[in-house]
J.: 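My structure is below; once you've seen it, I'll send some questions.
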Amino acid sequence: MKSSSTIRAALAAAAAAWSWPARAQSDAGIPRLETRGQATQLVVDGRPYLVLGGELANTATSSPDYMRPVWPRLARMNLNTVLAGVSWALLEPTEGQYDFSLVDEALQSARANNLRLVLIWFASWKNGISSFAPAWVKADQARFPRVQVQGGRSIEVLSTLADASRDADARAFAALMRHVRETDGARHTVLMVQLENEVGILGDSRDRSPAAEAAFAGAVPAGLTNYLAAHAGRLRPQLAERWRAAGARASGTWAEVFGSGPATDEIFMAWHYARYMERVAAAGKAEYPLPIFTNTWIVQPEDHGPGDYPSGGPEPHVLDVWRAGAPHIDLNGPDIYLPDFTGWTARFHQNGNPLFVPESRGDAQGVANAFYAIGREAGIGYSPFGIDNPGRLAALRPEGAQGPAGRIEDQPLPRGYALLRELSPLILEAQEKGTITAVSLDPVRQKESLALGDYTVNFDLRRNFRNPAQVPPFGYGLAIALGANEYLVAGSDIQVTFSPRSPGPPVAGLSRVEAGDYRDGKWVRGRVLNGDDILLDYHLAAAAAENQSGSGLKFMAGAPTLQRVWLYRYR
Ligand code: DGJ
């Protein structure tokens with residue numbers, strides 16, 4: 001007689017053999033990142049998808065009662081995707097015993113409100129700290145060692161050098177992904193997963209626990225040095241300079257290969273976070289291969305060095321280290337609350353790293369950010385933080401902006417998302433073709449001219465007609481080339497003119513301008529704009545001297561609006 005374990009093994013093998021073709025078939029349609037033309041896009045159910053997202057407060061999903069009124073409100077705010085936390089501590093309160101009830105609750109509520117989800121795996125680290133690890137992990141420092149900082153004290157941060165912590169996290173993450181596949185593999189409510197949250201060491205530039213000290217004194221792993229050699233011409237400048245300054249060595253200790261100092265400590269930590277998270281990501285993807293990304297606490301202006309900001313996190317200057325160490329992580333995204341949104345998005349959208357902004361502002365400036373990320377940097381999507389708290393939508397508004405209107409639907413973000421949502425098919429097609437651009441302007445950067453199709457599109461902050469020096473606190477715009485002489489422009493508080501880029505008559509005139517909307521993928525025109533609607537400057541001779549007609553598109557303050565324009569040329 002066969003033992004029960006032999007029978008179980010035989011049944012499992014038979015089940016695996018049977019389920020394989022079905023699994024392979026269903027895997028074909030699961031959300032994935034795909035390079036399509038000039039952009040890398042998130043593909044859901046076979047079609048590109050633009051994430052108009054919002055991230056919940058860290059612990060919002062721990063209380064279904066708290067979330068009950070929130071879900072329908074998020075749908076009314078025109079979000080299509082919610083970034084929702086999953087706590088390791090609540091998922092695995094006892095080692096090896098999983099409680100998926102909160103995940104199921106979020107899945108059902110999202111579906112009931114026609115929303116998709118991006119799950120955030122708050123596990124080994126959340127803003128560097130290990131507070132979301134289960135109590136059985138926190139309490140067992142011998143099995144799950146902590147980071148030690150200078151002076152020998154330990155902090156509440158799991159060390160990346162501990163295989164037991166990594167494997168425990170990976171087991172729980174694999175269980176989560178298995179559960180998502182089993183419950184959502186045919187529905188695709190869950191689109192992506194953020195692995196951990198803003199990792200890195202705060203308070204020191206590197207881990208100084210015994211295991212970390214030993215690793216730091218040892219050789220740089222060949223996985224990293226080989227990557228540097230193979231990508232030598234394409235590395236980000238700071239890392240490349242450090243490596244070359246130390247002799248571009250193919251082997252050696254960390255100090256030999258990169259020199260000594262906090263910057264090398266940061267590279268060392270980046271490698272070890274990447275390796276740890278690579279194993280966790282790979283374990284999850286073996287169960288269900290959704291796209292996986294990380295988010296970054298970016299360097300703040302007052303920071304002096306790594307450790308003031310989380311050391312080892314996927315900052316742009318060490319992204320190559322992350323790429324080398326964590327190939328199962330599909331992208332690294334920035335959390336941008338700082339003013340230089342345009343600079344940070346450019347720094348992250350480099351070297352094959354597609355842009356997704358998992359955290360940022362949700363006020364009117366946030367709408368400008370969303371337009372810019374999606375229109376200028378081919379962003380996969382945008383997601384303001386604290387989306388369950390309506391106060392946050394207005395709390396960060398710049399001085400001078402109008403106060404929030406009464407209904408949530410009338411706030412800047414829901415109105416901005418409404419427009420981006422109706423334009424999504426056009427935007428995604430234009431990202432693929434490279435026929436889209438965008439600007440985010442302010443009194444410091446008041447104008448920007450960008451080549452798009454056969455014309456240069458000149459964006460400018462909207463000028464006061466009588467006092468052109470008077471400009472609004474910010475303005476933004478997005479343009480799509482629809483045809484040879486035809487553009488669609490969306491914007492707020494800007495004015496737009498065009499300049500021909502090809503040989504021929506040098507002035508672009510407006511043949512026709514329509515205000516309107518896209519409804520169900522079709523342009524529905526409103527007013528045909530003319531006269532005061534398009535007049536920028538009565539000084540026609542001065543305009544002519546600059547190959548301008550004196551007319552252009554004008555977009556008022558407040559929620560963004562759409563105009564479609566047909567151009568002609570004259571001399
Ligand atoms: C950034 C973190 O990633 C979020 O989880 C949250 O703590 C916000 N900061 C708070 O502003």
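Just so it is clear, the model here is predicted, and its values are computed rather than measured. Positions are given from 1, in the same order as the sequence printed here. Order of listing sets the numbers, starting from 1, for every ligand and every atom in it.
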J.: Give me the nearest non-hydrogen protein atom to atom 10 (C) of ligand 1 as residue plus atom name, then the distance to 0.1 Å.
T.: Phe385 CE2, 3.7 Å

J.: Any idea which protein heavy atom is nearest atom 3 (O) of ligand 1, and the distance to it?
T.: Glu359 OE2, 2.6 Å

J.: Taking atom CZ of Arg187 as the centre, does the number of heavy atoms from other residues, nucleotides or ligands within less than 6.0 Å exceed 12?
T.: no

J.: Would you mind telling me if ligand 1 is within reach of the side chain of Trp297, the backbone, both or neither, using heavy atoms under 4.0 Å?
T.: neither

J.: For atom 7 (O) of ligand 1, which protein heavy atom lies nearest, and how many Å away is it?
T.: Lys126 NZ, 2.8 Å

J.: Between ligand 1 and Glu55, is the shortest N or O to N or O distance under 3.5 Å?
T.: no

J.: Looking at Phe293 versus Phe356, is the centre-to-centre ring distance below 6.0 Å?
T.: yes

J.: Short list, please: which atoms of ligand 1 are under 4.0 Å from a heavy atom of Asn127?
T.: 1 (C), 2 (C), 3 (O), 5 (O), 7 (O)

J.: Are side-chain N/O atoms of Thr40 and Thr35 paired as donor and acceptor at under 3.5 Å?
T.: yes

J.: Let's go through Ile427 and Ile374 carefully: what are the C-alpha distance in whole Å and the side-chain angles of both, what is the deciding distance for side-chain contact (heavy atoms from CB on, under 4.5 Å) to 0.1 Å, and is it a yes or a no?
T.: CA-CA 8 Å; Ile427 289 174; Ile374 289 164; 3.5 Å; yes

J.: Between Tyr337 and Trp297, is the ring centre distance below 6.0 Å?
T.: no

J.: Which ligand 1 atoms does Glu198 reach within 4.0 Å, using its non-hydrogen atoms?
T.: 1 (C), 2 (C), 3 (O)

J.: Using a strict cut-off of 4.0 Å, indicate which atoms of ligand 1 neighbour a heavy atom of Asn197.
T.: 2 (C), 3 (O), 5 (O)

J.: Under 6.0 Å from the CZ atom of Arg279, do we count more than 12 heavy atoms belonging to anything else shown?
T.: no

J.: Quick check on contacts: which atoms of ligand 1 are under 4.0 angstrom from a heavy atom of Asp335?
T.: 3 (O)

J.: Out of Asn197, Ile336, Thr296, Leu83, which one pairs with Glu359 under the side-chain contact (heavy atoms from CB on, under 4.5 Å) rule?
T.: Asn197

